[in-house]
**Q** 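Sending over a structure as structure tokens; questions will come in a sec.
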Amino acid sequence: MENFRKVRTSEEESPLPFPDLPPGVVEMKVKEGSKIRNLMNFAMAQMELKGSRQIVFSGCGRAVTKTITCVEIMKRKLGGLHQVTKVRYKTLLEVWENQDPLPGSPAQNLTVHKNVPSICILLSRDPLDPNQTGYQPPEPRHGLGTQLGEAGEDTSSSSTKGLKRPLPPPREELLTKKLQVQVADSLRGSGSTDRQPDHHH
């Protein structure tokens with residue numbers, strides 16, 4: 001294959017593995033080279049501005065990880081989304097062109113069929129059948145509070161940081177106790193050591 005160059009890759013078209021999808025549901029086809037920011041800008045506009053109730057993210061091969069990342073971002077931003085995940089295999093058709101054909105012979109192409117893992121994830125504002133394979137209920141709202149900026153909290157804080165917020169007061173108490181001890185020590189010895197600083201100059 002060293003004399004061949006891949007010139008084209010195409011996916012075998014197959015219906016989405018979700019029954020009863022509403023007509024016109026948006027499918028976000030995530031590719032290996034897709035930029036997450038561009039995908040999310042479009043997807044968020046569909047769900048927030050156009051009022052879509054459901055959206056599907058799909059990707060195969062090396063794009064599977066990026067597909068999952070997009071879904072997790074949307075779940076954090078919107079909250080309350082029901083999820084169904086389907087994993088399957090898809091067939092990719094790769095066309096390879098001979099870069100060193102024999103003189104006088106026509107260009108030779110090879111078509112390679114590759115089976116690659118594929119993932120399809122349905123996100124829905126409306127409840128889905130919890131008994132179907134791959135269903136995940138919405139995450140608890142309290143775990144998303146700090147990420148969604150509810151109650152004016154810092155949106156950059158994660159839920160784990162939010163849980164650690166009550167800890168600083170005990171640290172402050174320890175600090176004040178240390179200061180009190182240091183002040184008491186200095187006062188206790190002030191009668192005999194108040195001239196010591198003079199010796200350091």
**Q** Would you tell me whether E94 and T111 have side-chain atoms, one donor and one acceptor, within less than 3.5 Å of each other?
**A** no
**Q** List the steps, then state whether side-chain contact (heavy atoms from CB on, under 4.5 Å) holds for D126 with H82.
**A** CA-CA 7 Å; D126 303 317; H82 298 261; over 6 Å; no
**Q** Apply side-chain contact (heavy atoms from CB on, under 4.5 Å) to V25 and F18, showing your working.
**A** CA-CA 11 Å; V25 66; F18 306 109; over 6 Å; no
**Q** Can you tell me if CZ on R8 sees more than 12 non-hydrogen neighbours from other groups inside 6.0 Å?
**A**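 No - once you tally the heavy atoms of other residues, nucleotides and ligands closer than 6.0 Å, there are 12 at most.
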**Q** Give the intermediate values and the outcome of side-chain contact (heavy atoms from CB on, under 4.5 Å) for residues S58 and V30.
**A** CA-CA 6 Å; S58 64; V30 182; over 6 Å; no
**Q** Looking only at non-hydrogen atoms, find the nearest pair between G59 and V64 and report the distance.
**A**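 Smallest heavy-atom distance, with atoms named: O-CG2, 3.8 Å.
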**Q** Sub-3.5 Å donor-acceptor pair from the side chain of T69 to the main-chain atoms of T65, do we have one?
**A** yes
**Q** Should we say atom CZ of R88 is surrounded by more than 12 heavy atoms from elsewhere, each under 6.0 Å from it?
**A** yes
**Q** Closest heavy-atom contact between Y89 and N115?
**A**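 What the structure gives for the nearest pair is CD2-C, 4.1 Å.
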**Q** Shortest non-hydrogen contact from L39 to S34?
**A**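 Heavy atoms of L39 and S34 come nearest at CD1-CB, 3.7 Å.
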**Q** Between C60 and E11, what is the shortest heavy-atom contact and its length?
**A** SG-OE2, 3.6 Å
**Q** Hydrogens and angles aside, do T85 and Q83 bring a side-chain donor and acceptor to less than 3.5 Å of each other?
**A** yes
**Q** Just how far is it from atom CG of L122 to atom CG of L21, taken to the nearest 0.5 Å?
**A** 6.0 Å
